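Remember, it's a predicted structure, so these values are computed and weren't measured experimentally.
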Amino acid sequence: MSSYTLDNSYRQASYRLSLLEHHLDPMTQRRIKMLDLAQGSRCLEIGAGNGSIAKWLCRHVGASGSVVATDINTTLLEHIELPNLEIWEHDILKSELPDSSFDFIHARWVLYHLPSNLEYVIQRMINALRPSGILLLEDIDFFPINTSSSAVYREFMTALANAMATSSGRDGFCMRNLPKIIATTELTQVGGEGDLPVIQGGGAAAKFVELTAVQIREKMLADSSLSLDKFERGLQLLNSPDFWAFGAANIAVWGRKNINTLHA
C-alpha cells in the first residue's frame, strides 16, 4: 500500500471522517446532480473513506446501477452491505483500473496525498471512463488560511497542511492548479468551482481540524518550526467559540470523456 499520513485504522478515524462528510457531502451531492448522473450508471468512488458518498451513489443510480468503492484500507467500509455496492482494497498508484468501465468516477481529497505525478494518476482515471463518462475531482488547498489575522493559526495550519502532504512530496498549497491540469487532458465540458469554509472555534469544522492535528501531531512538530507551545495554542484557538477564520478550500473540477475517444 502507498504511504498515507491519515490511516483509517486510527481510533477516531471514523468520527473524524464523519465530521468531514457533514461539511462536504451536500456540496458533492449537488455537483453530481448538476452533472446529470443517470440511473443505471456504473460508478467508481476512489478513496471512499467512511463510504458516505458511495452509499449515496448506490441510492442515486438505483438498482439497475452499481458502485465500486475503493480504499487502500477498507476497514471503515466493511460494515456496508448494499446489493449494488462492491468494495475493493485498491491502490491507484500500484494497481490498474479496468479500461472503459465506468460512467462516473469521483475522488475527494485523494490526489493531495498521492506521492506521484498528478497527471499520471488522473490519466489512469480517465482511461477507466467509458466514452461520455464523467470525472469529478475534489481536493484541498490551504490558501485561505493566510487571510487570518492570527499568526498562531496561520503557522499552525501551515504546519498541518505540509504534514498532511508529507507522503506526496508536495505542500498544502498546490491543488489550486487542478483546473488547469484537467483542462489539458482529453476531457471536454471542463468546469470547476471552489468552497471556502468558515471555521468557528468549537464547531464541527474546527473539531475536524483538531482531530487531524492530534493524529499527525508528531509529524507537524518534526517537519516544521512549529513549537509544542504553538501547537497547544493552535488547539486552544480551535476550541474557542470567539475564534473565527477560513479553513482550507475545497477545489472541485469536472469533465466529460469525449464520446469519440479511443483508448489504445
Side-chain angles (χ1 to χ4, degrees), residues 4-31 47 49-53 76 108-113 138-168 170-176 178 193-252:
Y4 177 46
T5 306
L6 294 159
D7 190 346
N8 285 349
S9 297
Y10 181 64
R11 60 185 176 83
Q12 295 210 68
S14 181
Y15 175 45
R16 174 184 165 275
L17 288 172
S18 72
L19 293 170
L20 184 66
E21 291 165 349
H22 177 75
H23 170 59
L24 293 181
D25 280 7
M27 292 177 281
T28 298
Q29 293 166 12
R30 174 183 59 80
R31 290 178 183 121
N50 251 354
S52 63
I53 291 299
L76 302 179
R108 188 171 73 190
W109 292 27
V110 171
L111 295 175
Y112 178 87
H113 299 283
E138 298 174 294
D139 233 295
I140 183 173
D141 192 303
F142 282 81
F143 71 86
I145 67 172
N146 291 316
T147 63
S148 176
S149 61
S150 169
V152 170
Y153 177 75
R154 295 195 305 270
E155 188 173 347
F156 177 92
M157 291 295 283
T158 298
L160 173 69
N162 292 335
M164 283 174 59
T166 295
S167 61
S168 71
R170 288 184 286 273
D171 61 28
F173 305 88
C174 60
M175 284 300 161
R176 69 193 75 182
L178 194 55
E193 59 188 25
D195 311 303
L196 300 180
V198 175
I199 290 179
Q200 180 187 15
K207 187 64 177 179
F208 168 78
V209 175
E210 178 190 358
L211 290 174
T212 303
V214 169
Q215 184 174 349
I216 61 173
R217 172 180 177 273
E218 300 309 316
K219 276 186 170 293
M220 288 178 64
L221 296 175
D223 297 349
S224 72
S225 60
L226 187 73
S227 66
L228 179 58
D229 175 65
K230 285 187 177 179
F231 179 87
E232 296 296 338
R233 288 166 63 191
L235 293 184
Q236 289 172 7
L237 286 176
L238 292 171
N239 282 280
S240 172
D242 296 327
F243 179 73
W244 293 84
F246 282 118
N250 184 48
I251 310 296

Any donor-acceptor pair under 3.5 Å from Ser240 side chain to Leu237 backbone: no
Heavy-atom pair of closest approach, residues Trp244 and Asp242: CD1-O, 3.6 Å
Short side-chain to backbone donor-acceptor contact, Ser224 and Met220, under 3.5 Å: yes
Side chains of Phe142 and Thr158 in contact at under 4.5 Å (non-hydrogen atoms): no
Where at least one partner belongs to residues 139-150, residue pairs that pass salt bridge (charged side-chain N to carboxylate O under 4.0 Å, His left out), sequence neighbours excluded: Asp141-Arg176
Exam field: side chain Gln200 to backbone Pro241, donor-acceptor pair closer than 3.5 Å: yes
Side chain to side chain, Phe143 and Ile251, heavy atoms closer than 4.5 Å: yes
Approximate separation, where rounding is to 0.5 Å, of Glu210 CD and Gln215 CD: 12.5 Å
Pairwise distance CD1(Ile199) to CE(Met157) - rounded to 0.5 angstrom: 5.0 Å
Aromatic ring pairing Phe156/Phe231, orientation class (parallel under 30°, perpendicular over 60°, tilted between): tilted
Asn50 vs Ser18 side-chain heavy atoms within contact, under 4.5 Å: yes
Asn162 side chain near Lys219 side chain, heavy-atom distance below 4.5 Å: no
Atom pair OG (Ser150) and CD (Glu155), whose distance is rounded to the nearest 0.5 Å: 10.0 Å
Straight-line distance of Leu24 CG to His22 NE2, nearest 0.5 Å: 10.5 Å
Exercise: identify the closest heavy-atom pair between Pro144 and Gly247: CB-O, 3.3 Å
Separation of Thr212 OG1 from Lys207 NZ (nearest 0.5 Å): 11.0 Å
Ser14 to Leu76 - nearest heavy-atom pair and separation: CB-CD2, 4.0 Å
Residues, nucleotides or ligands: over 12 heavy atoms within 6.0 Å of Phe246 CZ: no
